[in-house]
Amino acid sequence: MRRLPPLGALRAFEAAARHLSFTRAAGELCVTQAAISHQVRQLEEWLGEPMFTRRGHALTLTRKGASYLAELSQAFDHIAAATGRVREAATGPLRITVLPSFASRWLLPRLPAFRARHPDVDLRVTSSLETWDGGEGFDAGIRSGLGRWPGLKADLVARESLSPVCSPALAKGPPMLVEPADLASVSLLHDQPRAAWSQWCRHANVTQDLSQGPVFNDSALVLQAAADGQGVALGRLTLAGDDLRKGRLVRLFDLVLPNDYSYWIVYPRLATQRPDLAAFRGWLLEEARQA
(Lines give C-alpha, C1' and ligand atoms only; values in the text may rest on other atoms or scores of the structure.)
Protein backbone atom coordinates (compact mmCIF):
# COMPACT_ATOMS: atom_id res chain seq x y z
CA MET A 1 0.00 0.00 0.00
CA ARG A 2 1.39 3.38 -1.01
CA ARG A 3 1.79 5.93 1.76
CA LEU A 4 1.03 9.23 0.01
CA PRO A 5 0.44 12.76 1.31
CA PRO A 6 -2.91 14.43 0.51
CA LEU A 7 -2.95 14.94 -3.26
CA GLY A 8 -4.43 18.42 -2.92
CA ALA A 9 -1.50 19.43 -0.76
CA LEU A 10 0.91 18.01 -3.34
CA ARG A 11 -0.70 20.05 -6.13
CA ALA A 12 -0.58 23.20 -4.00
CA PHE A 13 3.09 22.68 -3.15
CA GLU A 14 4.11 21.90 -6.74
CA ALA A 15 2.40 25.02 -8.08
CA ALA A 16 3.73 27.26 -5.30
CA ALA A 17 7.25 25.87 -5.67
CA ARG A 18 7.19 26.29 -9.45
CA HIS A 19 6.11 29.93 -9.17
CA LEU A 20 7.80 30.67 -5.83
CA SER A 21 4.55 32.45 -5.08
CA PHE A 22 1.41 31.42 -3.19
CA THR A 23 -0.53 34.11 -5.06
CA ARG A 24 0.36 32.81 -8.55
CA ALA A 25 -0.22 29.22 -7.43
CA ALA A 26 -3.67 30.21 -6.19
CA GLY A 27 -4.44 31.78 -9.56
CA GLU A 28 -3.33 28.68 -11.44
CA LEU A 29 -5.38 26.32 -9.27
CA CYS A 30 -8.38 28.69 -8.94
CA VAL A 31 -8.34 28.73 -5.14
CA THR A 32 -7.49 31.37 -2.54
CA GLN A 33 -3.98 32.23 -1.42
CA ALA A 34 -4.98 31.17 2.09
CA ALA A 35 -5.95 27.74 0.76
CA ILE A 36 -2.54 27.31 -0.86
CA SER A 37 -0.77 28.37 2.33
CA HIS A 38 -2.89 25.97 4.42
CA GLN A 39 -2.26 23.02 2.06
CA VAL A 40 1.49 23.67 1.95
CA ARG A 41 1.59 23.80 5.76
CA GLN A 42 -0.39 20.54 5.84
CA LEU A 43 2.18 18.91 3.54
CA GLU A 44 5.12 20.19 5.60
CA GLU A 45 3.55 18.81 8.77
CA TRP A 46 2.89 15.46 7.06
CA LEU A 47 6.49 15.29 5.84
CA GLY A 48 8.00 16.67 9.03
CA GLU A 49 10.19 18.95 6.93
CA PRO A 50 9.93 22.60 5.83
CA MET A 51 9.72 22.91 2.05
CA PHE A 52 10.15 26.70 1.93
CA THR A 53 12.19 29.33 3.66
CA ARG A 54 9.87 32.28 4.27
CA ARG A 55 11.23 35.81 4.56
CA GLY A 56 8.27 38.15 4.64
CA HIS A 57 6.46 37.62 1.33
CA ALA A 58 9.55 36.11 -0.36
CA LEU A 59 9.74 32.34 -0.80
CA THR A 60 12.77 30.19 -1.48
CA LEU A 61 12.89 26.42 -1.59
CA THR A 62 14.86 24.49 0.96
CA ARG A 63 17.31 21.91 -0.37
CA LYS A 64 14.81 19.12 0.25
CA GLY A 65 12.02 21.25 -1.16
CA ALA A 66 13.90 21.77 -4.44
CA SER A 67 14.64 18.05 -4.70
CA TYR A 68 11.01 17.20 -3.95
CA LEU A 69 9.77 19.67 -6.58
CA ALA A 70 11.94 18.12 -9.31
CA GLU A 71 10.61 14.61 -8.73
CA LEU A 72 7.06 15.73 -8.06
CA SER A 73 6.92 17.73 -11.31
CA GLN A 74 8.02 14.64 -13.25
CA ALA A 75 5.34 12.59 -11.49
CA PHE A 76 2.65 15.13 -12.43
CA ASP A 77 3.96 15.14 -16.02
CA HIS A 78 3.54 11.37 -16.15
CA ILE A 79 0.01 11.63 -14.72
CA ALA A 80 -0.90 14.34 -17.25
CA ALA A 81 0.49 12.32 -20.15
CA ALA A 82 -1.33 9.15 -19.03
CA THR A 83 -4.56 11.10 -18.62
CA GLY A 84 -4.15 12.62 -22.06
CA ARG A 85 -3.73 9.21 -23.61
CA VAL A 86 -6.85 7.91 -21.87
CA ARG A 87 -8.85 10.93 -23.02
CA GLU A 88 -7.33 10.64 -26.50
CA ALA A 89 -6.10 14.22 -26.21
CA ALA A 90 -3.77 13.72 -29.16
CA THR A 91 -6.77 13.62 -31.48
CA GLY A 92 -7.83 17.12 -30.39
CA PRO A 93 -6.44 20.42 -31.64
CA LEU A 94 -2.81 21.32 -31.05
CA ARG A 95 -2.90 24.64 -29.19
CA ILE A 96 0.19 26.83 -29.40
CA THR A 97 0.67 30.22 -27.72
CA VAL A 98 3.17 32.46 -29.52
CA LEU A 99 4.59 35.94 -28.94
CA PRO A 100 2.77 38.34 -31.30
CA SER A 101 5.99 39.62 -32.87
CA PHE A 102 7.34 36.12 -33.54
CA ALA A 103 3.95 34.98 -34.81
CA SER A 104 3.51 37.76 -37.36
CA ARG A 105 7.11 38.23 -38.57
CA TRP A 106 8.43 34.65 -38.48
CA LEU A 107 5.89 31.91 -37.87
CA LEU A 108 2.89 32.89 -40.00
CA PRO A 109 4.79 33.16 -43.30
CA ARG A 110 6.06 29.60 -42.75
CA LEU A 111 2.83 27.94 -41.59
CA PRO A 112 1.69 26.95 -45.12
CA ALA A 113 4.74 24.69 -45.30
CA PHE A 114 3.74 23.01 -42.04
CA ARG A 115 0.15 22.51 -43.18
CA ALA A 116 1.36 21.03 -46.47
CA ARG A 117 3.57 18.55 -44.63
CA HIS A 118 1.09 17.73 -41.85
CA PRO A 119 -2.44 18.33 -43.20
CA ASP A 120 -3.90 16.08 -40.49
CA VAL A 121 -2.75 18.32 -37.59
CA ASP A 122 -5.47 20.65 -36.31
CA LEU A 123 -3.23 23.56 -35.32
CA ARG A 124 -4.60 26.46 -33.25
CA VAL A 125 -2.25 29.45 -32.84
CA THR A 126 -2.90 32.19 -30.28
CA SER A 127 -0.68 35.27 -30.04
CA SER A 128 -0.12 36.59 -26.54
CA LEU A 129 2.44 38.55 -24.56
CA GLU A 130 1.38 36.86 -21.32
CA THR A 131 3.70 34.36 -19.71
CA TRP A 132 2.76 30.70 -20.02
CA ASP A 133 3.71 28.24 -17.31
CA GLY A 134 2.51 25.01 -18.90
CA GLY A 135 -1.02 25.23 -17.51
CA GLU A 136 -4.20 24.18 -19.23
CA GLY A 137 -5.29 26.06 -22.31
CA PHE A 138 -2.21 25.43 -24.46
CA ASP A 139 -0.03 22.45 -25.33
CA ALA A 140 3.18 24.41 -26.03
CA GLY A 141 4.43 27.97 -26.25
CA ILE A 142 7.00 29.96 -28.20
CA ARG A 143 8.56 32.49 -25.89
CA SER A 144 11.58 34.76 -25.54
CA GLY A 145 13.89 34.22 -22.60
CA LEU A 146 17.00 32.60 -21.21
CA GLY A 147 15.75 29.03 -21.64
CA ARG A 148 14.71 28.48 -18.04
CA TRP A 149 11.03 27.74 -17.42
CA PRO A 150 10.53 25.77 -14.18
CA GLY A 151 8.83 22.45 -14.79
CA LEU A 152 8.98 22.77 -18.60
CA LYS A 153 11.30 21.54 -21.33
CA ALA A 154 12.73 24.29 -23.54
CA ASP A 155 14.33 23.85 -26.98
CA LEU A 156 16.24 26.71 -28.58
CA VAL A 157 14.57 27.94 -31.77
CA ALA A 158 16.79 30.92 -32.62
CA ARG A 159 19.23 33.26 -30.95
CA GLU A 160 18.53 36.95 -31.33
CA SER A 161 20.75 39.93 -32.06
CA LEU A 162 20.12 43.61 -32.74
CA SER A 163 21.29 45.93 -35.52
CA PRO A 164 19.94 49.17 -37.09
CA VAL A 165 17.59 48.57 -40.04
CA CYS A 166 15.46 50.86 -42.18
CA SER A 167 13.72 51.07 -45.55
CA PRO A 168 15.93 51.18 -48.68
CA ALA A 169 14.63 54.68 -49.49
CA LEU A 170 15.58 56.04 -46.06
CA ALA A 171 18.99 54.39 -46.29
CA LYS A 172 19.74 56.26 -49.53
CA GLY A 173 19.21 59.62 -47.82
CA PRO A 174 19.35 62.45 -47.45
CA PRO A 175 20.77 62.53 -44.89
CA MET A 176 23.46 59.98 -45.66
CA LEU A 177 23.74 57.29 -43.00
CA VAL A 178 27.37 56.29 -43.33
CA GLU A 179 28.43 55.75 -39.73
CA PRO A 180 26.60 55.19 -36.44
CA ALA A 181 26.93 58.84 -35.37
CA ASP A 182 24.77 59.82 -38.39
CA LEU A 183 21.75 58.26 -36.68
CA ALA A 184 21.42 61.47 -34.64
CA SER A 185 19.96 63.14 -37.76
CA VAL A 186 17.04 60.71 -38.29
CA SER A 187 14.07 59.51 -36.29
CA LEU A 188 14.73 56.36 -34.28
CA LEU A 189 12.06 53.75 -33.61
CA HIS A 190 12.16 52.25 -30.15
CA ASP A 191 11.15 48.80 -28.97
CA GLN A 192 10.57 48.07 -25.32
CA PRO A 193 12.72 48.18 -23.30
CA ARG A 194 13.82 51.53 -24.71
CA ALA A 195 17.31 51.06 -23.25
CA ALA A 196 18.29 48.78 -26.16
CA TRP A 197 19.38 51.74 -28.31
CA SER A 198 21.56 53.04 -25.49
CA GLN A 199 23.21 49.63 -25.19
CA TRP A 200 23.86 49.53 -28.93
CA CYS A 201 25.34 53.05 -28.82
CA ARG A 202 27.77 52.05 -26.11
CA HIS A 203 28.67 49.01 -28.19
CA ALA A 204 29.26 51.30 -31.22
CA ASN A 205 31.10 54.02 -29.21
CA VAL A 206 28.44 56.58 -30.13
CA THR A 207 28.13 59.50 -27.71
CA GLN A 208 25.21 61.35 -29.35
CA ASP A 209 21.78 61.34 -27.73
CA LEU A 210 19.76 58.74 -29.62
CA SER A 211 16.75 58.70 -27.31
CA GLN A 212 14.39 60.59 -29.62
CA GLY A 213 11.60 58.90 -31.55
CA PRO A 214 8.38 56.93 -30.94
CA VAL A 215 8.16 53.84 -28.73
CA PHE A 216 6.24 50.67 -29.65
CA ASN A 217 5.27 47.83 -27.34
CA ASP A 218 5.81 45.12 -29.96
CA SER A 219 8.86 44.33 -32.07
CA ALA A 220 6.72 43.58 -35.12
CA LEU A 221 5.31 47.12 -35.02
CA VAL A 222 8.81 48.57 -34.88
CA LEU A 223 9.87 46.61 -37.97
CA GLN A 224 6.69 47.54 -39.85
CA ALA A 225 7.23 51.22 -39.09
CA ALA A 226 10.84 50.92 -40.31
CA ALA A 227 9.74 49.20 -43.53
CA ASP A 228 7.23 52.03 -44.07
CA GLY A 229 10.07 54.58 -43.93
CA GLN A 230 9.16 56.10 -40.57
CA GLY A 231 12.67 55.87 -39.15
CA VAL A 232 15.49 53.54 -38.19
CA ALA A 233 14.74 50.57 -35.95
CA LEU A 234 17.12 48.59 -33.80
CA GLY A 235 15.86 45.48 -35.49
CA ARG A 236 15.71 42.01 -34.04
CA LEU A 237 17.47 40.22 -36.87
CA THR A 238 15.64 36.92 -36.45
CA LEU A 239 12.31 38.70 -36.85
CA ALA A 240 13.63 40.96 -39.60
CA GLY A 241 15.17 38.11 -41.60
CA ASP A 242 12.42 37.76 -44.22
CA ASP A 243 12.17 41.54 -44.72
CA LEU A 244 15.94 41.77 -45.17
CA ARG A 245 16.03 38.92 -47.68
CA LYS A 246 13.16 40.43 -49.70
CA GLY A 247 14.61 43.95 -49.64
CA ARG A 248 11.88 45.58 -47.59
CA LEU A 249 14.52 46.41 -44.98
CA VAL A 250 18.27 46.95 -45.19
CA ARG A 251 20.95 46.83 -42.53
CA LEU A 252 22.90 50.07 -42.15
CA PHE A 253 26.01 48.77 -40.38
CA ASP A 254 27.72 45.46 -39.75
CA LEU A 255 27.86 46.09 -36.01
CA VAL A 256 25.57 43.67 -34.15
CA LEU A 257 24.53 43.73 -30.50
CA PRO A 258 23.93 40.22 -29.10
CA ASN A 259 20.69 39.81 -27.18
CA ASP A 260 20.65 37.49 -24.18
CA TYR A 261 16.97 36.70 -24.82
CA SER A 262 16.48 34.01 -27.46
CA TYR A 263 13.38 32.27 -28.85
CA TRP A 264 12.39 28.89 -27.39
CA ILE A 265 9.62 26.38 -27.78
CA VAL A 266 8.53 25.33 -24.30
CA TYR A 267 6.29 22.43 -23.35
CA PRO A 268 5.68 19.87 -20.57
CA ARG A 269 8.44 17.26 -20.53
CA LEU A 270 6.28 14.38 -21.73
CA ALA A 271 4.20 16.37 -24.20
CA THR A 272 6.21 15.19 -27.22
CA GLN A 273 4.55 11.80 -26.76
CA ARG A 274 1.75 13.53 -28.65
CA PRO A 275 2.48 12.87 -32.33
CA ASP A 276 1.12 16.24 -33.45
CA LEU A 277 3.27 18.21 -31.01
CA ALA A 278 6.32 16.13 -31.90
CA ALA A 279 5.65 16.90 -35.58
CA PHE A 280 5.28 20.64 -34.94
CA ARG A 281 8.39 20.80 -32.76
CA GLY A 282 10.48 18.91 -35.33
CA TRP A 283 9.25 21.09 -38.19
CA LEU A 284 9.80 24.32 -36.21
CA LEU A 285 13.39 23.47 -35.31
CA GLU A 286 14.13 22.40 -38.88
CA GLU A 287 12.75 25.67 -40.26
CA ALA A 288 14.80 27.64 -37.73
CA ARG A 289 18.01 25.86 -38.76
CA GLN A 290 17.34 26.62 -42.41
CA ALA A 291 16.53 30.26 -41.66
Side-chain angles (χ1 to χ4, degrees), residues 90 93-129 132 138-149 152-168 171 191 196 200 218-224 226-227 233-291:
L94 177 62
R95 303 156 303 174
I96 308 293
T97 172
V98 187
L99 289 171
S101 55
F102 191 89
S104 62
R105 309 301 292 194
W106 197 97
L107 182 62
L108 260 61
R110 292 169 169 81
L111 278 183
F114 175 76
R115 291 196 298 269
R117 184 182 298 184
H118 300 283
D120 55 322
V121 175
D122 183 8
L123 181 64
R124 310 285 177 88
V125 177
T126 299
S127 64
S128 174
L129 288 170
W132 180 67
F138 298 102
D139 303 301
I142 298 177
R143 288 293 182 263
S144 174
L146 301 175
R148 297 190 292 268
W149 281 269
L152 297 176
K153 180 79 168 63
D155 295 322
L156 178 65
V157 176
R159 298 199 181 278
E160 190 56 282
S161 55
L162 307 172
S163 191
V165 298
C166 66
S167 68
D191 194 355
W200 187 87
D218 187 273
S219 301
L221 298 178
V222 177
L223 293 175
Q224 185 61 54
L234 189 58
R236 298 174 185 266
L237 296 184
T238 294
L239 300 184
D242 289 345
D243 288 321
L244 291 168
R245 283 188 287 273
K246 295 178 180 179
R248 291 191 292 262
L249 290 172
V250 294
R251 284 180 58 187
L252 293 174
F253 316 109
D254 291 333
L255 191 63
V256 171
L257 177 67
N259 189 344
D260 289 339
Y261 277 52
S262 303
Y263 297 104
W264 305 78
I265 178 170
V266 296
Y267 50 89
R269 291 185 183 91
L270 299 180
T272 51
Q273 293 184 9
R274 285 189 55 160
D276 51 0
L277 179 55
F280 179 81
R281 172 186 171 276
W283 168 83
L284 178 72
L285 299 180
E286 180 183 336
E287 284 286 325
R289 284 192 297 269
Q290 292 176 357

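When a residue number appears, it is its place in the shown sequence, counting from 1. Small disclaimer: the values here were computed from a predicted structure and weren't measured.
- Taking CZ of R281 as the start and CD1 of I142 as the end, the distance is 12.5 Å to the nearest 0.5 Å.
- The aromatic rings of W106 and F102 sit parallel, their planes meeting at an angle under 30°, below the 60° perpendicular limit.
- Rounding to the nearest 0.5 Å gives a distance of 15.0 Å between CG of L237 and CZ of R159.
- Under a 3.5 Å cut-off, the side chain of S163 and the backbone N or O of D254 do not form any donor-acceptor pair.
- By the 4.0 Å N-to-carboxylate-O rule, R117 lies close enough to E286 to be salt-bridged with it.
- Closest approach of T238 to A158, counting heavy atoms only: CG2-CB, 3.9 Å.
- By the 4.5 Å heavy-atom criterion applied to side chains, R110 and D242 are counted as neighbours.
- Under the 4.5 Å side-chain criterion, counting only non-hydrogen atoms from C-beta, T126 is not in contact with I96.
- Considering V250, L252, L244 in turn, L244 is the only one that fulfils the side-chain contact (heavy atoms from CB on, under 4.5 Å) rule with V165.
- At a threshold of 4.5 Å between non-hydrogen side-chain atoms, the residues F253 and P164 count as touching.
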Exercise for review: Could you walk me through whether F280 and V121 pass side chain to side chain contact (heavy atoms under 4.5 Å, CB included), step by step?
Suggested key: CA-CA 9 Å; F280 179 81; V121 175; 6.0 Å; no

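- Partners of R143 by salt bridge (charged side-chain N to carboxylate O under 4.0 Å, His left out), not counting sequence neighbours: none found.
- The nearest pair of heavy atoms linking S219 to L239 is CB-CD1, 3.7 Å.
- Pairing each heavy atom of S104 with each of L108, the nearest pair is O-CB, 4.4 Å.
- Between A220 and S101, the shortest heavy-atom distance links the atoms N-CB, 3.7 Å.
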Practice item. In sequence, state the C-alpha distance, the side-chain angles, and the governing distance for D155 and L284, and then conclude on side chain to side chain contact (heavy atoms under 4.5 Å, CB included). Key: CA-CA 10 Å; D155 295 322; L284 178 72; over 6 Å; no

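- With no hydrogens or angles considered, a side-chain donor-acceptor pair links E160 and Y263 at under 3.5 Å.
- G247 approaches P168 most closely through the heavy-atom pair O-CG, 3.2 Å.
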Practice item. Determine, stepwise, if the pair V98 / F138 fulfils side chain to side chain contact (heavy atoms under 4.5 Å, CB included). Key: CA-CA 10 Å; V98 187; F138 298 102; over 6 Å; no

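- In R245, the CZ atom is crowded: over 12 heavy atoms of neighbouring residues, nucleotides or ligands sit closer than 6.0 Å.
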Point to revise | side chain to side chain contact (heavy atoms under 4.5 Å, CB included) between L162 and R236, intermediate numbers included | key: CA-CA 5 Å; L162 307 172; R236 298 174 185 266; 3.5 Å; yes

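- Under the 4.5 Å side-chain criterion, counting only non-hydrogen atoms from C-beta, D276 is not in contact with L123.
- Sequence neighbours left out, the pairs with a member in residues 98-107 that pass salt bridge (Lys or Arg N to Asp or Glu O under 4.0 Å) are R105-D243.
- Looking at Y267 and L152, their side chains never come closer than 4.5 Å, going by heavy atoms from C-beta outward.
- Ion pairing between R124 and D139 fails under the 4.0 Å rule for side-chain N and carboxylate O.
- The closest side-chain heavy-atom distance from R251 to V256 is below 4.5 Å.
- For the atom pair CG (L99) and OG (S128), the distance works out to 8.0 Å, reported to the nearest 0.5 Å.
- Counting all heavy atoms, side chain and backbone alike, S167 lies closest to A227 at CB-O, 3.7 Å.
- Contact of the L234 side chain with the D191 side chain is not registered, since no non-hydrogen atoms from C-beta on lie closer than 4.5 Å.
- Of the possible donor and acceptor atoms, one in the side chain of W264 sits under 3.5 Å from a partner among the backbone N and O of G145.
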